[in-house]
Amino acid sequence: MLKEYRTISEVSGPLIFVENVDQVQYNELVEVELPNGQVRRGQVLEAHKGRALVQLFEGTRGMDVTQSRVRFLGRVVELPVSGDMLGRVFDGFGHPIDGGPRIIPEARLEITGSPLNPYARAYPSEFIQTGISAIDCMNPLVRGQKLPIFSGAGLPHPQIAAQIARQAQVRGKGEKFAVVFAAMGITFEEADYFISDFRKTGAIERAVVFVNLANDPVIERIATPRMALTVAEFLAFQKEMHVLVILTDMTNYCEALREVSAARKEVPGRRGYPGYMYTDLATIYERAGRIKGKNGSITQIPILTMPEDDKTHPIPDLTGYITEGQIVLSRELHKKGIYPPINVSLSLSRLKDKGIGPGKTREDHAEVLNQLSDAYDRGKEARELAVVLGEAALTPADKKFLKFADEFEARFVKQGENENRTIEQTLDIGWELLTLVPRTELKRISDKMAEKYLPKKDEASAKEATA
């Protein structure tokens, strides 16, 4: 029989201190029974010299400290998982909120996950098509990668997240693909947008959705990404599916960490965030990857809003150290009406070379990527020069690159919210844009690839223009 304690000595935010406890362990589940019979759940954050620090998932509001009874359950937080979770919507603690039946579990897994031997990891090498040109061509997503999206307040990252969830696929192999979508600290309106969009487009059939609203307990927000990743690990490594995990918004998650840290009276780190935030984020991000001998995989796209669009803020700064690149959204492009407003120049996928080329995308991918990037950067330099000195000061070549930069944003980066481009369509658009630049300036394109893919009539007119 479980021991009960009536020795709550202090309450601080969502935390309670329990005195004179015996054989209590870190992360152990706790039940607190209030005088009216209501039961609130929590877990142990610290246990030392007969004193336990417990965080309550439902908060401490209205709790009678002297009459409440505390029970330590001797087990950690577990999530019941099943293949039937596909097509369902859950709250941040894994309870169904879509009106459907409770899940009959095939297994119960600890939400902290199991440590993965680094030697067992397989290197990411297979392309995932999102249908968004600025990602697929310029910053390719590779199976098993962690590729965050750095956004800002008011930018359309919810629409981009929903579009990726709808469109993402592993090409050409007919393998099972699933999306696990976790939203943290969002408004009811945003939650309704995501759920309605998934249902309307049919994407819900291959998705597991976790929703933590802004008015839900802060402790639930900390549990939500771990719930999502536990389901992802089950689908990937037991059901052998390719799973894309989208986490939005990691900034809300970090704010929850800061709130709990302050309640624990911990010494704050940069900007008040706990000093262990790097380690905590790593426990989430590092659960992506592939395992040797397993067909399944977990790919992550964490989305975070940078406070004041500051890339040096602790949240994007630490995220950038842990993950393999970043997709950066541009407020300037958003003001121009360009969707998705992806800043190609600031974005980076460190594994892009591993997931492109013959048999993965197309043989010309690497050359097109490099040439488009070079030409766009030169076009932006010409644009800045024209602002300072006037367009009359530009050379004929500069004017060509300026026109290229404008067309690149209007035709390549910009696309419809429901427009799903194949990688072949994206590369073909890239080749068409390259005809705006004289062939002599295309120094990153080989003659072999130019002969095969560069549109001939446009190439001829480009040569005439430079003659």
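The one candidate from I301, I164, T299 that meets the side-chain contact (heavy atoms from CB on, under 4.5 Å) condition with I128 is T299.
When the side chain to side chain contact (heavy atoms under 4.5 Å, CB included) test is applied to P105, the partners found at least two apart in sequence or on another chain are P80, R108. Applying the side chain to side chain contact (heavy atoms under 4.5 Å, CB included) criterion to A183, with sequence neighbours excluded, gives F181, I186, T248. With sequence neighbours excluded, the residues forming a side-chain hydrogen bond (donor to acceptor under 3.5 Å, both in side chains) with D398 are T395, listed by chain and number. E240 is linked by a side chain to side chain contact (heavy atoms under 4.5 Å, CB included) to N295, counting only residues two or more places apart in sequence or in another chain. Partners of T323 by side chain to side chain contact (heavy atoms under 4.5 Å, CB included), not counting sequence neighbours, listed by chain and number: K146, P148, Y285, T319. Partners of R383 according to the side-chain hydrogen bond (donor to acceptor under 3.5 Å, both in side chains) rule, which considers only residues two or more places apart in sequence or in another chain, are D406, E409. With sequence neighbours left out, R271 forms a side-chain hydrogen bond (donor to acceptor under 3.5 Å, both in side chains) with D310. Annotation: side-chain hydrogen bond (donor to acceptor under 3.5 Å, both in side chains) contacts of R221 (sequence neighbours excluded): N212.
When atom types are taken as modelled, the side chain of S373 and the backbone of N370 share no donor-acceptor pair closer than 3.5 angstrom. For the pair S261 (side chain) and E266 (backbone), a donor-acceptor distance under 3.5 Å is absent. Side-chain atoms of Q145 never come within 3.5 Å of backbone atoms of P124 as a donor-acceptor pair (strictly under, hydrogens ignored). Under a 3.5 Å cut-off, the side chain of Q371 and the backbone N or O of R444 do form a donor-acceptor pair. Side chain of K360 to backbone of S125: a donor-acceptor contact under 3.5 angstrom is found. Here the side chain of R88 pairs no donor or acceptor atom with the backbone of D84 at under 3.5 angstrom. Although no hydrogens or angles enter the test, the distance criterion places a donor-acceptor pair under 3.5 Å between the side chain of D98 and the main chain of V89. Here the side chain of S349 pairs no donor or acceptor atom with the backbone of G325 at under 3.5 angstrom. At least one donor-acceptor pair under 3.5 Å links the side chain of E220 to the backbone N or O of G92. With hydrogens and angles disregarded, a donor-acceptor distance shorter than 3.5 Å links the side chain of Q163 to the backbone of E417.
Counting all heavy atoms, side chain and backbone alike, H334 lies closest to G154 at NE2-O, 3.7 Å. Looking at every heavy atom in both residues, F93 comes nearest to A223 through CE2-CB, 3.9 Å. Nearest approach of F150 to P316, heavy atoms of both residues: CZ-O, 3.5 Å. Contact between P14 and V218 at its shortest, heavy atoms only, is CG-CG1, 4.3 Å. The two residues L433 and F404 make their nearest non-hydrogen contact at O-CD1, 3.4 Å. Of all heavy-atom pairs between I132 and I160, the closest is CD1-CG2, 4.3 Å.
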Residue pair K176, R206: steps toward the side-chain contact (heavy atoms from CB on, under 4.5 Å) verdict: CA-CA 9 Å; K176 294 181 289 185; R206 61 167 188 172; over 6 Å; no
Check against side-chain contact (heavy atoms from CB on, under 4.5 Å), T422 and Q129: CA-CA 7 Å; T422 65; Q129 181 174 286; 4.1 Å; yes
Audit row: K336, K414, side-chain contact (heavy atoms from CB on, under 4.5 Å) steps and yes/no: CA-CA 10 Å; K336 290 182 179 180; K414 184 177 182 178; over 6 Å; no
Steps toward ring pair (Phe, Tyr, Trp, His ring centres under 6.0 Å) verdict (Y273, H313): CA-CA 11 Å; Y273 293 96; H313 187 278; 5.5 Å; yes
Test side-chain contact (heavy atoms from CB on, under 4.5 Å) applied to M138 and F412, step by step: CA-CA 10 Å; M138 309 304 292; F412 188 91; 3.8 Å; yes
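Within the 4.5 Å cutoff, the side chain of Q43 has heavy atoms near those of the F57 side chain. Side-chain atoms of D91 and D216, non-hydrogen and from C-beta on, never get closer than 4.5 Å to each other. Side-chain contact between T283 and Y276: absent, with no pair of heavy atoms (C-beta onward) separated by less than 4.5 Å. L372 places none of its side-chain heavy atoms less than 4.5 Å from the side chain of V344. A 4.5 Å side-chain heavy-atom check between M449 and W431 finds at least one atom pair inside the cut-off. Under the 4.5 Å side-chain criterion, counting only non-hydrogen atoms from C-beta, L281 is in contact with C254.
Judged as a ring pair (Phe, Tyr, Trp, His ring centres under 6.0 Å), not a single pair has a partner in residues 336-357 (not counting sequence neighbours). Applying the salt bridge (charged side-chain N to carboxylate O under 4.0 Å, His left out) test to residues at least two apart or on different chains, none of the pairs has a partner in residues 295-305. Sorted by first and then second residue, the pairs that involve residues 352-385 and meet ring pair (Phe, Tyr, Trp, His ring centres under 6.0 Å), not counting sequence neighbours, are Y376-F408. Applying the salt bridge (charged side-chain N to carboxylate O under 4.0 Å, His left out) rule to pairs touching residues 181-204 yields R166-D197, sequence neighbours excluded.
Within 6.0 Å of CG in L389 there are more than 12 heavy atoms belonging to other residues, nucleotides or ligands.
With respect to the salt-bridge test (charged N to carboxylate O, under 4.0 angstrom), the residues R270 and D317 qualify. Between K443 and E441 a salt bridge is recorded (basic side-chain N to carboxylate O distance below 4.0 Å). Contact check on D136 versus R421 returns no salt bridge, with no Lys/Arg side-chain nitrogen under 4.0 Å from an Asp/Glu carboxylate oxygen. E255 has a carboxylate O that lies under 4.0 Å from a charged side-chain N of R258, or vice versa, which qualifies the two as a salt bridge. Salt-bridge formation is detected for the pair E106/K239: a Lys NZ or Arg NE/NH1/NH2 atom is positioned less than 4.0 Å from an Asp or Glu carboxylate oxygen. The pair R362-E424 does not count as a salt bridge, with every side-chain nitrogen at least 4.0 angstrom from each carboxylate oxygen.
The line from OG1 of T224 to CD1 of I111 is 9.0 Å long, rounded to the nearest 0.5 Å. For the atom pair CD1 (I303) and CG (L247), the distance works out to 8.5 Å, reported to the nearest 0.5 Å. Taken to the nearest 0.5 Å, the OG atom of S151 stands 10.5 Å off from the CD1 atom of I342. For the atom pair OG1 of T305 and CD1 of I149, the computed distance is 12.5 Å after rounding to the nearest 0.5 Å. Expressed to the nearest 0.5 Å, how far CD1 of I222 lies from CG of N252 amounts to 12.0 Å. In this structure, E367 CD and L427 CG are separated by 11.5 Å, a value rounded to the nearest 0.5 Å.
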